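These notes are about the structure you will find just below.
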Amino acid sequence: GAVVSQHPSWVICKSGTSVKIECRSLDFQATTMFWYRQFPKQSLMLMATSNEGSKATYEQGVEKDKFLINHASLTLSTLTVTSAHPEDSSFYICSARAGRGGRNNEQFFGPGTRLTVL
Amino acid sequence: RKEVEQDPGPFNVPEGATVAFNCTYSNSASQSFFWYRQDCRKEPKLLMSVYSSGNEDGRFTAQLNRASQYISLLIRDSKLSDSATYLCVAPKGAGGGNKLTFGTGTQLKVEL
C-alpha cells in the first residue's frame, strides 16, 4: 500500500513554543491530506482537511490560528501547533488520500507524532 | 446520536475463538465503510473496506445492514496477534465525501 511518513515521531517541548509536524506521501501524490488528533483512550478526531494549493478547512471547534496547516505540494503537508500548552499534548496523526473522492475514500495514515508539552 | 458508535469492550477471548463486533452509524446516506485496526500507540491501519452487503478476507468478514444502519466485523480462529483496537469508520457528514469519522474503537484481547 501507499506509504505516508510523519516527522518527528515524538517531541517534548516547553509551554509557549511552536512545534511543526511534517506529513509526506512517499510514493504517491496526495491531493488531500487530513490531520487528526487522538487523546488517550479516545477516538481519532478530525482537525482539518488540507488540499494542495488552497487553504485548509477546519472542523468545528478547531482554532485555525493555533493549528496552522500548509499544503505546499502534492507530497507534503505541515501542521504547526503555535504557542503550545499542556492541553495540546496528544497524538497527532496525518493521513493522505490519492484519488479525487468517489466511492473509495481510503486514507493512508502516517505513523503519528506524539506531542508532550511541559 | 453519535455518527459512529461502538462497544468499547474490552473483549477477552481465547485463542481460536470467533468474535464479532458491531458498529452503528447515523448517516443513512453513507455508502462506504471501513474497519481499521489500531495497535497501542500506533497509527490506524486499514483492515477492510465494507461495500454493499459485505465482504470476506481470510479470517475476517465484514457485513453491512443498511436497514438497521450497522456494520459488523467477524474474526474467526482468532490469533494472539489479533489483539488490538478495531475502529469502525464511516464517511463524515451528510452526503459522504472525503472526510471520515471514527468510532471510539472496540478493544480485543486474545489470550492463550
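Values in this document were obtained by computation on a predicted structure and should not be read as measured data. The chains referred to below are lettered A, B, ... by the order of the sequence lines, with proteins before strands, and numbering in each begins at 1.
Under the side chain to side chain contact (heavy atoms under 4.5 Å, CB included) criterion, A:Ser15 pairs with A:His85, A:Pro86, A:Val117, not counting sequence neighbours.
Taking the ring centre of A:Phe91 as origin, the terminal cationic atom of A:Arg114 falls inside the region bounded by 6.0 Å and 45° from the ring axis.
Both the backbone and the side chain of A:Leu44 come within contact range of chain B, with heavy atoms under 4.5 Å apart. Proximity to chain B (any heavy atom under 4.5 Å) is restricted, for A:Phe34, to the side chain, taken from C-beta onward. Using a 4.5 Å cut-off between heavy atoms, A:Gln38 touches chain B through its side chain atoms alone.
Remark: A:Trp35 CH2 to A:His71 NE2 distance equals 10.0 Å, nearest 0.5 Å.
Within the 4.5 Å cutoff, side-chain heavy atoms of A:Phe28 are placed close to those of A:Val4. Looking at heavy atoms from C-beta onward, A:Val19 lies out of side-chain contact with A:Asp88 at the 4.5 angstrom threshold.
In this structure, the ring of B:Phe102 has its center less than 6.0 angstrom from the ring center of A:Phe109.
Listed in order of number, the residues of residues 105-112 of chain B that approach chain A to under 4.5 Å between heavy atoms amount to none.
Classification of the B:Tyr25-B:Phe33 ring pair by plane angle, with boundaries at 30° and 60°, yields tilted.
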